[in-house]
Amino acid sequence: MDTTKLQNLRKTIHMTNDSFFKAMIKDPSSKDILSSVLSILLHLPKKEFEHMKITGGEIPKQNQKEKGKVSDIIIYLNHLDLIIILEMNQQNTLDIFEKNSEYANKIAFLSTKRIETRYIYKKVILINFNCFNKKKVKTAIQYFTVNDQNQVIETKKGYQSIHLNLDRIIDMRYNRGIDEKLIRYAKYLTAEGIENIKKCAEGDEELMKTIPKVEEYLENENEIGYYDYDENQERLRMGSYLLGQVEGREEGQKIVIQSLAKNMTIPEISKVSGMSEKSILSLLES
């Protein structure tokens, strides 16, 4: 990758990208800030997260025909019989939440153990970091408890889902009552480039601990190169599909075009979408 492209990427990269998000969450420097954020969201003392085990990888298949699923982050708190799944949702695909829910249910099922005649259930909590606001809801943080087929809440056998709508968390019109540390963390995740990330971390000891790792990541050509490749390949793959599928064709086009424009030229977007350059410019300006 040439020097100019690397420099541009370092100015625009942000932690809502899967590879960057995973690298930072798994790094020991992020343990304190992650513990604080989880403590706020789950209403648990921070000390409960001292011995959390953080992993990420493929969730086992139940049959050969089933497609593999690589989770973003899975956190095990064995002393609480608790499993936390973190998913960074970048794209506004039609079934993103359904897929996340399907695999949260699967993890809940796979973690169930039978000891003689007794079943041991682990509680599973799915936390969605949403980089888009699909329904334009005004709520910054949404909590859901999954019910069984008879509409009876069984939190021990099911799972809880939490949605963090990042655009609302950092918007003063919607974040009243939200812990300041959580607001700062949302700004940190969505900040573009090292200088803006540093500004978001200033004054917060836990976030400042992560900055050396952020800088190290941005100096690693293999890591930042993967970011560039990953982002563009995903846009190329999803662009044409989303244009005709997202609810409300015009609104769907606007969402996709604005997303594509972050890393692609107008002619490239035109080629992927089949739209004229004039139509694309019109959507970007609207």
Side-chain angles (χ1 to χ4, degrees), residues 11-18 20-22 24-25 29-49 52 72-73 75 82 84-93 96-97 100-101 104 125-146 159-211 214 246-248 251 254-255 258-259 262 286:
K11 291 178 181 178
T12 59
I13 193 171
H14 45 85
M15 269 176 276
T16 60
N17 169 264
D18 280 347
F20 199 177
F21 179 69
K22 292 174 185 177
M24 290 308 304
I25 289 288
S29 67
S30 295
K31 182 178 179 181
D32 284 345
I33 183 62
L34 179 60
S35 296
S36 291
V37 168
L38 292 176
S39 173
I40 293 166
L41 290 174
L42 306 184
H43 310 293
L44 291 171
K46 187 178 174 182
K47 65 180 182 179
E48 297 288 5
F49 301 93
M52 61 182 170
D72 280 353
I73 294 292
I75 299 172
L82 175 62
I84 303 168
I85 306 167
L86 307 183
E87 290 285 354
M88 179 60 74
N89 302 317
Q90 301 172 29
Q91 300 285 348
N92 187 9
T93 58
I96 184 69
F97 298 132
N100 289 351
S101 296
I125 300 177
L126 168 64
I127 302 178
N128 289 285
F129 291 81
N130 299 329
C131 302
F132 56 85
N133 193 341
K134 185 175 182 181
K135 299 293 186 181
K136 294 298 179 184
V137 295
K138 296 181 179 181
T139 308
I141 304 175
Q142 298 168 288
Y143 288 82
F144 299 96
T145 299
V146 176
Y159 72 94
Q160 184 178 21
S161 179
I162 303 173
H163 287 263
L164 305 181
N165 298 313
L166 297 178
D167 64 329
R168 294 304 191 226
I169 292 176
I170 63 179
D171 191 327
M172 292 180 63
R173 294 172 297 174
Y174 304 101
N175 63 14
R176 184 177 298 178
I178 296 178
D179 192 287
E180 180 59 37
K181 185 172 284 288
L182 188 57
I183 295 173
R184 187 187 286 260
Y185 188 63
K187 291 179 179 179
Y188 165 86
L189 288 177
T190 56
E192 292 191 355
I194 183 61
E195 294 306 319
N196 288 321
I197 293 173
K198 283 181 177 178
K199 286 180 183 178
C200 291
E202 285 178 4
D204 188 299
E205 184 179 344
E206 293 176 343
L207 282 174
M208 286 302 296
K209 288 179 182 179
T210 70
I211 296 303
V214 172
V246 177
E247 291 178 311
E251 181 63 24
K254 188 183 298 183
I255 292 168
Q258 288 173 344
S259 177
K262 291 181 180 179
S286 62

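In what follows, residues are counted from 1 in the order of the sequence shown.
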Does the pair Asp171/Arg173 count as a salt bridge with the N-to-O cut at 4.0 Å? yes

Mark yes when over 12 heavy atoms from residues, nucleotides or ligands other than Lys46 sit less than 6.0 Å from its NZ; otherwise mark no. yes

To the nearest 0.5 angstrom, please state how far the CE atom of Met88 sits from the CE atom of Met15. 9.0 Å

Report yes if some heavy atom in the side chain of Leu38 is under 4.5 Å from a heavy atom in the side chain of Ile127; otherwise report no. yes

Do side-chain atoms of Asn17 reach the backbone of Phe20 as a donor and acceptor pair under 3.5 angstrom? yes

Please assess Ile170 against Asn175 for the test side chain to side chain contact (heavy atoms under 4.5 Å, CB included), listing each intermediate value before the final yes or no. CA-CA 7 Å; Ile170 63 179; Asn175 63 14; 5.7 Å; no

Can you find a pair of side-chain heavy atoms, one from Asp204 and one from Lys181, that are under 4.5 Å apart? yes

Closest contact, heavy atoms only, Ile141 versus Leu164: CG2-CD2, 3.8 Å

Beyond-backbone contact of Met52 with Ile84, side-chain heavy atoms, under 4.5 angstrom: no

Rounded distance (nearest 0.5 Å) linking atom CD of Gln142 with atom CD1 of Ile162: 11.0 Å

Are Ile25 and Ser30 side-chain neighbours, meaning at least one heavy-atom pair lies under 4.5 Å? no

Run the side chain to side chain contact (heavy atoms under 4.5 Å, CB included) test on Glu48 and Ser39 for me, step by step, so that the C-alpha distance in whole Å, both residues' side-chain angles and the decisive distance to 0.1 Å come before the verdict. CA-CA 8 Å; Glu48 297 288 5; Ser39 173; over 6 Å; no

Could you tell me if the side chain of Leu41 sits less than 4.5 Å from the side chain of Ile125, heavy atoms only? no

Report, as yes or no, whether the 6.0 Å neighbourhood of atom CD on Glu205 holds more than 12 heavy atoms from other residues, nucleotides or ligands. no

What is the distance from atom CG of Asn165 to atom CG of Asn130, rounded to the nearest 0.5 Å? 5.0 Å

Is the closest side-chain heavy-atom distance between Thr210 and Tyr188 below 4.5 Å? yes

Going by the angle between their ring planes, with limits at 30° and 60°, are Phe129 and Tyr185 parallel, tilted or perpendicular? perpendicular

Euclidean distance, Met208 CE relative to Asp32 CG, rounded to 0.5 Å: 14.0 Å

Set out, in order, the CA-CA distance, both residues' side-chain angles and the distance that settles side chain to side chain contact (heavy atoms under 4.5 Å, CB included) for Val214 and Met24, then state yes or no. CA-CA 7 Å; Val214 172; Met24 290 308 304; 3.7 Å; yes

Value rounded to 0.5 Å, distance of CG in Asp167 from OH in Tyr174: 8.5 Å

As an exercise, state the distance from CD1 of Ile85 to CG of Leu126, rounded to the nearest 0.5 Å. 5.5 Å

Would a 4.5 Å heavy-atom cut-off, applied to side chains only, mark His163 and Thr139 as touching? no

Hey, are the side chains of Leu34 and Lys31 touching, using non-hydrogen atoms and a 4.5 Å cut-off? no

Side chain to side chain contact (heavy atoms under 4.5 Å, CB included), that's the test. Do Asn128 and Ser161 meet it? Break it down for me. CA-CA 8 Å; Asn128 289 285; Ser161 179; 3.7 Å; yes

Could you tell me whether the side chain of Arg184 and the main chain of Cys200 form a donor-acceptor pair under 3.5 Å? yes

